[in-house]
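Letters A, B, ... mirror the listed sequences (proteins, then strands); counts begin at 1.
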Number of protein chains: 2
Amino acid sequence: MKYSDYKKLLKNHHLRITDCRIDVLEKFHSTDHALSFKDLEDELSDYDRVTLYRTLNSFIDQGLLHRIPNDSGMAAYGLCREDCTEEEHHHDHVHFKCNLCGHVECLPNYHTPVIDLPNYDIEESYLILNGVCKNCKEELQPVS
Amino acid sequence: MKYSDYKKLLKNHHLRITDCRIDVLEKFHSTDHALSFKDLEDELSDYDRVTLYRTLNSFIDQGLLHRIPNDSGMAAYGLCREDCTEEEHHHDHVHFKCNLCGHVECLPNYHTPVIDLPNYDIEESYLILNGVCKNCKEELQPVS
DNA sequence: ATATTTATGCAACTTAATTGCATTCTGCTT
DNA sequence: AAGCAGAATGCAATTAAGTTGCATAAATAT
Ligand SMILES: [Mn+2]
Ligand SMILES: [Mn+2]
Ligand SMILES: [Zn+2]
Ligand SMILES: [Zn+2]
């Protein structure tokens with residue numbers, strides 16, 4: 001994706017075009033896994049921490065990112081590839097966290113199961129898988 | 001459950017018997033939902049916060065409690081009713097969090113789905129449902 | 001070009017959780 | 001029952017994630 005595409009993306013989500021937002025967007029679009037705040041802070045150290053936090057929050061508000069909670073408490077953030085908007089996010093995909101490399105991945109092709117709980121109203125469901133990712137598995141047992 | 005039962009429980013899990021541990025254990029056994037650190041702090045305010053934190057952590061280490069992560073970052077803790085030990089926890093039940101009262105419940109009768117991801121090793125899975133719990137639903141629409 | 005609105009950086013603050021250490025308590029041995 | 005070693009507790013201090021207020025800078029609207 002190129003600069004003008006990021007500008008369009010920001011405009012479509014009612015966000016002003018700024019250097020920080022472009023750079024953050026670029027980071028997310030040039031990786032295959034979700035990013036944590038720390039990932040961003042490390043790679044975009046010329047921006048203030050507060051600005052990065054506010055950037056993440058405005059992206060979530062406007063439907064560009066979704067927050068992926070995990071056991072450790074330090075959330076990861078994943079790109080919304082579905083058409084999420086300011087009004088609402090709609091995610092029903094599964095997430096995977098690798099116990100070796102720590103990467104969190106969105107699995108858009110796997111949907112969270114629909115479970116019926118008698119006498120309860122279910123509004124959302126989060127399914128998070130843990131284990132060893134493809135990359136780490138290959139490193140452990142290289143293809144023969 | 002009575003005092004001597006709690007003592008046995010602690011002994012079985014290789015934990016010394018102390019007032020704090022008995023009281024914490026009692027709290028968990030006399031409620032139907034998971035408890036947060038704050039819940040404990042509010043109800044057991046004669047113990048130092050640090051002691052409560054350490055109690056929770058030792059209970060998790062020894063297989064008496066499991067940590068239930070959630071979106072907000074403030075974890076809930078649920079009783080291990082299966083036979084978890086110092087060596088390993090084994091939980092495959094679903095969790096529910098009510099968006100109205102905030103309570104987190106363990107659903108031991110509902111198991112997390114088994115999902116096969118080609119080229120990945122899945123070791124654990126967490127399924128968390130969100131919505132309105134039975135109690136809150138009844139309060140909204142009393143039975144006619 | 002100018003005005004209006006929004007974003008940024010910095011410092012200070014909040015909140016959750018952890019660590020070090022002196023003191024007290026528990027379980028075990030005499 | 002007394003004494004001991006290891007473990008738990010309380011308190012103060014610290015770490016770490018995240019937020020808030022405000023002056024300044026930048027982006028969009030007119
Ligand atoms: Mn995702
Ligand atoms: Mn549970
Ligand atoms: Zn991995
Ligand atoms: Zn409820």
Side chain of [X], heavy atoms from C-beta onward: which of [options] has the nearest atom to it?
| X | options | value |
| --- | --- | --- |
| B:N57 | C:dA7, C:dT8, C:dT18 | C:dT18 |
| A:R16 | D:dG10, C:dT5, C:dC10 | C:dT5 |
| A:V50 | C:dT18, D:dT20, D:dG18 | D:dT20 |

Find the distance between NE2 (B:H66) and CZ (B:F59) and round it off to the nearest 0.5 Å. 14.5 Å
Is there side-chain contact between A:H93 and A:L107, with at least one heavy-atom pair below 4.5 Å? no
When you match B:L15 and B:F37 each to their closest nucleotide on DNA chain C, which lands nearer the 5' end?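 Going by which nucleotide is closer to the 5' end, it is B:F37.
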Whichever of B:I17 and A:C20 has its nearest DNA chain C nucleotide further upstream toward 5': A:C20
So does [X] get a side-chain nitrogen or oxygen closer than 4.0 Å to the phosphate oxygens (OP1/OP2) of [N]?
| X | N | value |
| --- | --- | --- |
| A:T51 | C:dG9 | yes |
| B:T18 | D:dA7 | no |
| B:T55 | D:dA8 | no |

d([atom1], [X]; [atom2], [N]) in whole Å:
| X | N | atom1 | atom2 | value |
| --- | --- | --- | --- | --- |
| B:Y53 | D:dA8 | OH | C1' | 18 Å |
| B:K38 | C:dA17 | NZ | P | 12 Å |
| A:R49 | C:dA12 | CZ | C1' | 12 Å |
| B:H14 | C:dT26 | NE2 | P | 20 Å |
| B:I22 | C:dG27 | CD1 | C1' | 14 Å |
| A:D48 | C:dA12 | CG | P | 14 Å |
| B:L10 | C:dG27 | CG | P | 9 Å |
| B:L52 | D:dA8 | CG | P | 15 Å |

Counting heavy atoms not belonging to A:K134, are there more than 12 under 6.0 Å from its NZ? no
Reckon A:R54 touches a base, only the sugar-phosphate, or nothing at all at heavy-atom distances under 4.0 Å? base
Using a cut-off of 4.0 Å on non-hydrogen atoms, how would the nucleic acid contact of A:R21 be classed: base, sugar-phosphate, or nothing? sugar-phosphate
Using a strict 4.0 Å threshold on nitrogen-to-oxygen distance, state whether B:D42 and B:K38 make a salt bridge. yes
Got a donor-acceptor contact below 3.5 angstrom from the B:R67 side chain to the B:I60 backbone? no
